[in-house]
Amino acid sequence: MKATLTVLGSGTSMGVPTIGCDCAVCRSDDARDRRLRPSVLLEFADRHVLIDTTPDFREQAIRAGIRKLDAVLYTHGHADHILGLDDLRPLSFRHPGRLPLYADAHAARSLRETFGYIFDEANTYASKAQVVLNHIDDAFDLFGARIEPVRVMHGDDEIHGFRFGNAAYLTDFSDIPAASKPQLRGLDILFLDALRHKPHPTHSTVENSLKLVEELAPKRAFFTHISHDLPHEETNAGLPPHVRLAHDGLKLEFEI
Ligand SMILES: [Zn+2]
Ligand SMILES: [Zn+2]
């Protein structure tokens, strides 16, 4: 079936512009150089599935006109991917029954530690987010689509990206283990982490992700989790035509 992916945020953990920074990218007039924290929205079969709740989620939801959510998938438990969970409140109140969240052990641990007041069943405060946490390890069916967690290494942490239909979204990783690569070969759309040019202990770089594009041979690749080291226009000019930096608001269609 047809599906749409909307980039809600393409920036690294501190966002771009970064608070107090006067670099050329942080002061750029190009809207594509303004990057909220990393997240995407999937739409298929009249369902709305969010990947990660960033600290910018409220602004992202309003900007994208999100009026309902049917599920949230978590890639991992770092602050830039979970801190907007409390802002699921209005959407969770509109959801019939609790809004389902899907997380692996790493993400579930962070969510429970950070948002104890939400997951504490003894706390019956009526206006807390109405959510239920489901643990995932393997592929599962979500509203008629197959969602496959893809195991990646984010520094020393084993976390997940997701493959869905002929697309995959891998936001934070420094290495893709060989065992995960068969899930990622020959896709129509592949999102990869590309923080900057300079090596980083927990993130991929433009150069490393370009090698992965060559190896995994997607029709189109998009780089995300981008820092203020990469000006949009200038960086794109140096990339092959089927590889682009993602930008906030980018919308893509694919088969799920
Ligand atoms: Zn991140
Ligand atoms: Zn992270």
Side-chain angles (χ1 to χ4, degrees), residues 5-19 21 25-26 33-42 49-61 72-88 101-115 133 136-137 149-163 168-177 180 184 190-206 208-209 212 221-230 232 235 245-248 250:
L5 180 154
T6 305
V7 175
L8 300 177
S10 57
T12 187
S13 56
M14 288 192 283
V16 182
T18 302
I19 295 171
C21 181
V25 175
C26 286
D33 284 326
R34 295 186 75 83
R35 303 170 180 135
L36 298 181
R37 267 56 76 83
S39 173
V40 294
L41 178 73
L42 308 178
V49 177
L50 177 70
I51 303 187
D52 293 332
T53 50
T54 82
D56 298 317
F57 175 64
R58 178 179 170 277
E59 188 181 343
Q60 290 168 326
V72 182
L73 311 179
Y74 283 97
T75 59
H76 65 306
H78 285 165
D80 53 325
H81 297 258
I82 69 166
L83 283 186
L85 189 154
D86 197 78
D87 282 323
L88 290 175
L101 317 180
Y102 295 88
D104 66 10
H106 178 279
R109 197 181 327 113
S110 291
L111 288 168
R112 286 188 194 284
E113 280 172 15
T114 311
F115 295 98
L133 188 52
I136 47 167
D137 286 313
V150 179
R151 194 170 66 87
V152 294
M153 296 310 296
H154 185 23
D156 293 333
D157 290 327
E158 184 179 309
I159 66 151
H160 288 92
F162 295 101
R163 153 116 191 238
Y169 177 73
L170 309 183
T171 164
D172 290 42
F173 67 86
S174 39
D175 187 44
I176 302 178
S180 298
L184 301 170
L190 177 61
F191 274 77
L192 296 172
D193 181 343
L195 183 74
R196 61 189 191 193
H197 294 295
K198 212 169 81 184
H200 187 279
T202 61
H203 287 280
S204 186
T205 58
V206 170
N208 184 54
S209 285
L212 287 166
F222 295 91
F223 291 169
T224 192
H225 214 293
I226 307 161
S227 82
H228 61 171
D229 285 6
L230 302 181
H232 186 88
T235 308
L245 291 190
H247 60 85
D248 292 23
L250 175 70

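Remember, it's 1-based here, ligands and their atoms both numbered in the order they're listed. Residues take their numbers from the sequence shown, with the count starting at 1.
Across all non-hydrogen atoms, the minimal contact from Cys26 to Thr18 is SG-N, 3.3 Å.
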Can I get a per-line list of side-chain donor-acceptor pairs under 3.5 Å for residues 10-17, giving both atom names and the distance, sequence neighbours left out?
residue	atom	partner	partner atom	Å
Ser10	OG	Asp248	OD1	2.7
Thr12	OG1	His225	ND1	3.2

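Here the two rings, on His106 and His154, have centers that are 6.0 Å apart or farther.
Among residues two or more places apart in sequence or in another chain, the side chain to side chain contact (heavy atoms under 4.5 Å, CB included) test is passed with Ser174 by none. Contacts of His232 classified as side-chain hydrogen bond (donor to acceptor under 3.5 Å, both in side chains), with partners at least two apart in sequence or in another chain: Asn236.
Checking His76 against Asp172 by side-chain atom types alone, a donor-acceptor pair falls below 3.5 Å.
Inside a sphere of radius 2.8 Å centred on the Zn ion (ligand 2), the protein N/O/S atoms present are His76 NE2, His78 ND1, His154 NE2, Asp172 OD2.
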